[in-house]
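Note sheet for the following structure.
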Amino acid sequence: MYKAPRGTFDILPQEHACWKYVEEKAAFLCRLYGYQPLSTPIFEDAQVFAKTVAGGTDIIDKEMYIFKDKSGQELALRAEGTAPVCRAYLEHGLFNLPQPVKLYYIGPAFRYERPQSGRYRQHHQFGFEALGEADPALDAEVIEMAQQFFYSLGLPQLTIHLNSIGCKLCRPRYLVVLKQHYSSYMDQLCPDCKARLVKNPLRLLDCKKVSCQEIAKTAPKIPDYLCHECQIHFQSVQEYLGAVSIPFQLNPRLVRGLDYYTRTVFEIEPREAGGQSTLGGGGRYDHLIEELGGRPTPAVGFATGLERIILNLKNQRLDIPPLPKPDVFIAYLEQEAKIEAMKIASELRREGIPVIMATGDKSLKGQMRQANSLDIAYALILGEQELLQRTAMLRDMRSGEQKSIPLTEIAGFLKQFKM
RNA sequence: GUGAGCGUAGCCCAGCGGUUAAGGCGCCAGGUUGUGGCCCUGGAGAUCGUGGGUUCAAAUCCCACCGUUCACCCCA
């Protein structure tokens, strides 16, 4: 038997209610804040991702789906949402619009890794980006949006962690003192952290090992080493967040792995949960667009994984509005009635009434059972008697009451009752 | 890539060395010659993940592989 490949999954009809719920909340949020939808291809020139994540991590070698197409061009499945948005921003000259340009996306992304709770090879991301302006008010807006998103979903028990990781001027200065600090604990570091010390020092700060966390606690804090401009920016973000009453927690050990990030970083996680529970995160990336070949262009954004959100919704057992069901099920008895039934089904659908037509010449009992299990409000029954009288039997499946209606009046009757 | 747990019908799962592999949900049929939901009766559906080994005997013990779950690495 074939199975969905490792790390992928089918979303069955009954699960779609949940997905639709989340996607609609996302779209509505973006409308509220004036962010417009942008869809990008499922694959890109591999360089779109490779350039932006270059160095420091094994994302490219280990985690990305990279392949050559028949022409030999190197392509990569969409690894995340931000870089393609920036590519589109450059390709279509969106920098010529009044800035900032506010965009959002929602769709699949791919990473080659062993699946674990809420992490899949094909997963789904929702994100929004404000491109072309450095105003800290945008950082605050993006954080507020993220918070409002989870709130509107019914996930209010969240903590927003906030930090600033400086810019190209001040971060190198910080990294020097950070490395100094860790160097003096060299013999106590775990093997991973020894590697991080040279490869990606910022990541030292969120090692999960208890012994390394002790060292991180006493490490110099990056906010203390920000340059003047970054300090002002960071303070302004906090002020604006205060102005719109968004609670946040400063976390000097919150970092990002990649070089293009600047200044604001934030992550959102459920309260009283640690480790792998982050629901979403974002921050400012003032160097990404430059990496892709554009002019230096500041930008800030947020992204979240829908699988994690749905996991949380299910854990909270929130009531998700169910998908609408068809209004009418048409059952028939003999061949003659079947033809009439098909005519009626067709007619009702043209009137905009959703109909399921019985098929398979099952017993009436079987047909009614089916109508019941589909949880349909009305059954329309056509048999010999009804045909003779040019009527149909309309049964209210909830109450069990039924009455005979002339064929010509069915559509009008159903519309009038608007189930 | 590393480590640990788990693989028995569509789903949940009992059985953990002894010969027809149990139950529940769901599905189908009958109890109502044209009527669902509740109830009753019956039925279909399982190469017990795959391959090898131990044994008189393996779903049950051992090994390998595959799958899956969780965690690590990484986290865009």
Side-chain angles (χ1 to χ4, degrees), chain A residues 1-9 12 14 44 48-65 76-86 109-120 123 125 127 190-193 195-196 199-200 202-203 206-209 255-261 265 267 275-276 278 280-283 285 288 291 301-305 308 329 331-334 337 358 360 362-387 392-402:
Chain A
M1 274 295 260
Y2 292 109
K3 283 185 194 169
R6 162 174 288 194
T8 69
F9 55 90
L12 296 172
Q14 70 264 27
E44 294 270 352
V48 170
F49 301 107
K51 275 216 161 140
T52 54
V53 300
T57 72
D58 46 23
I59 287 175
I60 300 169
D61 301 332
K62 201 174 133 188
E63 308 267 358
M64 275 188 8
Y65 273 96
L77 295 188
R78 181 161 65 209
E80 53 106 16
T82 306
V85 167
C86 293
F110 303 82
R111 47 182 61 177
Y112 188 86
E113 64 180 0
R114 296 277 286 262
Q116 54 184 297
S117 184
R119 296 188 74 177
Y120 299 90
H123 58 286
Q125 289 188 355
C190 72
D192 288 328
C193 277
R196 287 192 262 247
K199 262 171 56 184
N200 199 348
L202 272 187
R203 281 265 157 214
D206 53 20
C207 180
K208 290 177 180 114
K209 302 239 165 38
V255 296
R256 304 261 99 174
L258 304 178
D259 288 341
Y260 58 69
Y261 282 108
V265 297
E267 276 182 10
Q276 285 281 357
T278 303
Y285 47 94
L288 176 53
E291 293 286 343
F302 167 82
T304 179
R308 285 259 175 103
F329 182 92
Y332 61 90
L333 280 150
E334 314 83 10
K362 285 185 275 284
S363 68
L364 184 58
K365 184 175 184 159
Q367 296 179 67
M368 295 305 286
R369 236 205 290 269
Q370 190 182 355
N372 184 62
S373 81
L374 290 166
D375 196 20
I376 284 177
Y378 288 89
L380 206 56
I381 300 161
L382 274 131
E384 205 175 354
Q385 288 172 32
E386 287 79 8
L387 276 189
M393 195 62 83
L394 183 74
R395 181 179 178 88
D396 182 327
M397 293 298 283
R398 196 164 287 269
S399 67
E401 289 167 21
Q402 59 185 34

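Computed over heavy atoms, backbone and side chain alike; hydrogens, waters and symmetry mates excluded. Letters A, B, ... mirror the listed sequences (proteins, then strands); counts begin at 1.
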Take atom CE of A/Met393 and atom P of B/rU35, then tell me their distance rounded to the nearest Å. 12 Å
If you take all heavy atoms of A/Gly281 and A/Arg256, which pair is closest and at what distance? C-NH1, 4.1 Å
Classify the nucleic acid contact of A/Ala79 as base, sugar-phosphate or nothing, counting any heavy atom under 4.0 Å across all strands shown. base
What's the closest nucleotide to the A/Ser117 side chain, out of B/rC27, B/rC75, B/rC70? B/rC70
When you get a sec, tell me which of B/rA76, B/rG34, B/rC72 is the closest nucleotide to the side chain of A/Arg111? B/rA76
For atom CD of A/Glu80 and atom P of B/rC75, their distance in whole Å: 13 Å
Whole-Å gap separating P (B/rC75) and CG (A/Asp192): 11 Å
Measure the distance from NZ on A/Lys362 to P on B/rU35 and round it to the nearest whole Å. 16 Å
Nearest nucleotide by nearest heavy atom, which residue falls closer to the 5' end of RNA chain B, A/Cys207 or A/Asp396? A/Asp396
Does A/Glu384 reach a base, just sugar-phosphate, or nothing at all? Heavy atoms under 4.0 Å. base
Side chain of A/Gln385, base of B/rG34: donor and acceptor closer than 3.5 Å? yes
Suppose you measure atom P in B/rG36 against the same atom in B/rG30; what distance do you get, rounded to whole Å? 11 Å
What's A/Glu267 touching, base or sugar-phosphate or nothing? Going by heavy atoms closer than 4.0 Å. nothing
Mark yes or no for a side-chain to base donor-acceptor pair under 3.5 Å between A/Arg395 and B/rG36, with no hydrogen or angle criteria applied. yes
Out of B/rA76, B/rC73, B/rG3, which nucleotide sits closest to the side chain of A/Arg114? B/rG3
Is a donor-acceptor contact shorter than 3.5 angstrom present between the side chain of A/Arg119 and the base of B/rC74? yes
Select from A/Asp206 and A/Pro5 the residue whose nearest nucleotide in RNA chain B is closer to the 5' end of that strand. A/Pro5
A/Gln402 (side chain) and B/rU35 (base): donor-acceptor pair under 3.5 Å: yes
Within the structure shown, what part of the strands sits under 4.0 Å from A/Gly400 by heavy-atom distance: base, sugar-phosphate, or nothing? base
May I ask which nucleotide in the shown strands pairs with B/rG17, Watson-Crick or G-U wobble, both distances under 3.5 Å? none
When rounded to the nearest 0.5 angstrom, what is the spacing between OH in A/Tyr285 and OH in A/Tyr260? 8.5 Å
For the pair made of OH in A/Tyr120 and P in B/rG67, what is the distance, rounded to whole Å? 17 Å
Interatomic distance, A/Glu113 CD vs B/rC74 C1' [rounded to whole Å]: 7 Å
How long is the straight-line distance from CZ of A/Arg398 back to CG of A/Asp375, given to the nearest 0.5 Å? 6.5 Å
Which one, B/rG34, B/rG30, B/rU69, comes nearest to the side chain of A/Lys365? B/rG30
Residue matched to B/rA4 through Watson-Crick or wobble contacts both under 3.5 angstrom: B/rU69
Watson-Crick or G-U counterpart of B/rA29, or none if no pair lies under 3.5 Å: B/rU41
Closest listed nucleotide, where the reference is the side chain of A/Asn372 and the choices are B/rG37, B/rU35, B/rC73: B/rG37
Calculate the interatomic distance between A/Arg196 atom CZ and B/rC72 atom P; express it in whole Å. 11 Å
Tell me which nucleotide, if any, is Watson-Crick or G-U wobble paired with B/rC74 when both distances must be under 3.5 Å. none
Taking atom C1' in both B/rG15 and B/rU20, what distance in whole Å separates the two? 15 Å
I'd like the P distance from B/rU41 over to B/rU32, given in whole Å. 16 Å
Using purine N1 to pyrimidine N3 plus N6-O4 or O6-N4 for Watson-Crick, or N1-O2 and O6-N3 for G-U wobble, each under 3.5 Å, what pairs with B/rU55? none
Would you please test A/Cys193 and A/Lys209 for side chain to side chain contact (heavy atoms under 4.5 Å, CB included) and show each step? CA-CA 9 Å; A/Cys193 277; A/Lys209 302 239 165 38; over 6 Å; no
Could you tell me how far B/rG37 sits from B/rU19 if I compare only their C1' atoms? Round to whole Å. 44 Å
Of the candidate nucleotides B/rU68, B/rA76, B/rC74, which contains the atom at the shortest distance from the side chain of A/Leu258? B/rA76
Separation of B/rC73 atom P from A/Arg203 atom CZ, nearest Å, is 10 Å
Just checking A/Glu401: does its CD atom have more than 12 heavy atoms from other residues, nucleotides or ligands closer to it than 6.0 angstrom? no
If every non-hydrogen atom of A/Gln367 is compared with every non-hydrogen atom of A/Lys362, which pair is closest and at what distance? NE2-O, 3.0 Å
Tell me which one of A/Met64, A/Lys62, A/Glu63, A/Arg6 satisfies side chain to side chain contact (heavy atoms under 4.5 Å, CB included) with A/Glu113. A/Glu63
Write down the partner of B/rC11 under the Watson-Crick or G-U wobble criteria, each distance required to be under 3.5 Å. B/rG24
Taking pairing as Watson-Crick or G-U wobble with both contacts under 3.5 Å, can you name the mate of B/rA64, or confirm there isn't one? B/rU50
Using a distance-only criterion (donor-acceptor N/O pair, under 3.5 Å, no hydrogens), is the base of B/rC72 paired with the side chain of A/Lys208? no
The nucleotide from B/rG67, B/rA71, B/rC74 with an atom nearest the side chain of A/Lys3 is B/rG67
What nucleotide among B/rC73, B/rG36, B/rA76 has an atom nearest to a side-chain atom of A/Arg369? B/rG36
Within the structure shown, what part of the strands sits under 4.0 Å from A/Tyr285 by heavy-atom distance: base, sugar-phosphate, or nothing? nothing
For A/Phe9, does the CZ atom sit with more than 12 other heavy atoms under 6.0 Å from it, leaving out its own atoms? yes
